[in-house]
Amino acid sequence: MNENTERGNDSVIRQDAESVMSSYSSLSPPMRLKFICRLGYGDALPKEEELSGDVPAFGSNGPYSTTIESNTLAPAIVVGRKGSYGKVNWAPSGCFASDTTFFIDSNQTSSNLRWLYWALQTLKLDEGSKEAAVPGLNRESVYEQRVIFPDQEAQRLIADYLDRETARIDALLAEKEKMLALLEEKRAALISRAVTRGLNPDAPLKPSGLDWLGDIPAHWNVWKLKYVVSKIGSGITPRGGAESYQSEGVPLFRSQNIHFDGLRMDDIVFIDSETHESMSNSKIFAGDVLINITGASIGRCFYIEEMQSEANVNQHVCIVRPSSQIETKFLYFTLRSDLGQHQIDLSQSGSGREGLNFESLGNFSVVIPPANEQREIIKQLETVGQKSAVLLTEIRNSISRLIERRAALITGAVTGRIPIEAMRS
């Protein structure tokens, strides 16, 4: 999609959003949901009935399995009740609503179901309530929520309008997401080639000795990671666990802080100096590479370029401290490349990706060029990375604006700020 096309689409959508200045004449005052619909409780799905048919089974986050029989009519609305509560899902062919959800079908309401699906999205149900010790959505609280309740014809027009207009925005979002994926893929391929073949396409090659790696430049060498680093080790759980965290003190890096594009500090926690000293073996120093070794983010890594203050890591983050044979940033690029990530996948084969142990990490193969060549590769990859970062930021900001516009459009249509006449196709 070119820039002019995108601007044209954005302009049309903006005109729709700017038409929200008048109200419906056919709308009645806001009505409590208990007079519009009933929320049915979903059922527990026996383990032995999972994957037994082609009926989608819905949990709070949407479809998670299939089964043989539905417990709703078609179509149906499914609302998360426990866990990720408040999410509003649409099941066009009916479904099995699990016991973590509420559902609404034509037996629970006489209103237009598709209109109700959009109306529910304006109520911020994910800000629900707490039932006992488990966060959840309280049915009686939902019933007290109010929406403007138009007549059946207006409901149909609103539903059709939102189906049509959100589809246009969703198509733009899909294009943006595709662009993000392509940029990330292109950069990843460049990194992988640079740390295994270098920058000179005409350099003589030799077999690496690893079938899955292939040839490498003739003057490069393959080493085990443990021979080119001075430390491989993680932190521990601070005494007292999460209760030991402070509002200030020594930063403690956890897996959620470590990302391929940097260290994210918005969710950083702190420990006191006494706890920090008791965890002296996992103190962080400038030049360290941090890599996640447990959970869904195994392999995510970044480096410490400079230290503003002392810091530490917990048991989910491993410190890899390079020796003089390998530059910090070259090690980081190697670990995040296909070369590093492939070995992480191999080390997790058959283990359910439960964790990456220090022995496995130490036995990773890394390709080491001369120091001056490492620095040239780092410079080139950083230049490309800076350009990519600008483009990625622009696309992500565009996605955020589209998401905000989509939410405003839904609210405008449901609450009457977009005139009915503007919705007619």
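Quick caveat: nothing in here was measured; it's all calculated off a predicted structure.
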Between K231 and D288, does any NZ, NE, NH1 or NH2 come within less than 4.0 Å of an OD or OE carboxylate oxygen?
no
Answer yes when E175 and K178 have at least one side-chain N-carboxylate O distance shorter than 4.0 Å, and no when they do not.
no
cation_pi(R300, F260) dist<6.0 Å, angle<=45:
no
Can we call the ring centroids of F58 and Y64 under 6.0 Å apart?
no
Between K283 and E277, is the closest basic N to carboxylate O distance under 4.0 Å?
yes
Only one of L39, D105, V88, T101 passes side chain to side chain contact (heavy atoms under 4.5 Å, CB included) with I77; say which it is.
V88
Say whether T72 and S70, considering side chains only, have a donor N or O and an acceptor N or O under 3.5 Å apart.
no
Decide whether N61 and K87 meet the rule of one side-chain donor and one side-chain acceptor closer than 3.5 Å.
no
Kindly give the heavy-atom pair with the smallest separation between C318 and I293, and that separation in Å.
CB-CG2, 3.5 Å
Please identify which of these residues, I68, T66, T67, meets the side chain to side chain contact (heavy atoms under 4.5 Å, CB included) condition with L51.
T66
Cation-aromatic face contact R114/W90, 6.0 Å, 45 degrees
yes
Determine whether the aromatic ring centres of F149 and W115 lie less than 6.0 Å apart.
yes
Salt bridge or not for R396 and E184, using N-O below 4.0 Å?
yes
Just by distance, do the side chain of Q341 and the backbone of L335 share a donor-acceptor pair under 3.5 Å?
yes
Under 6.0 Å between the ring centres of F302 and Y332?
yes
Answer yes when D160 and R164 have at least one side-chain N-carboxylate O distance shorter than 4.0 Å, and no when they do not.
no
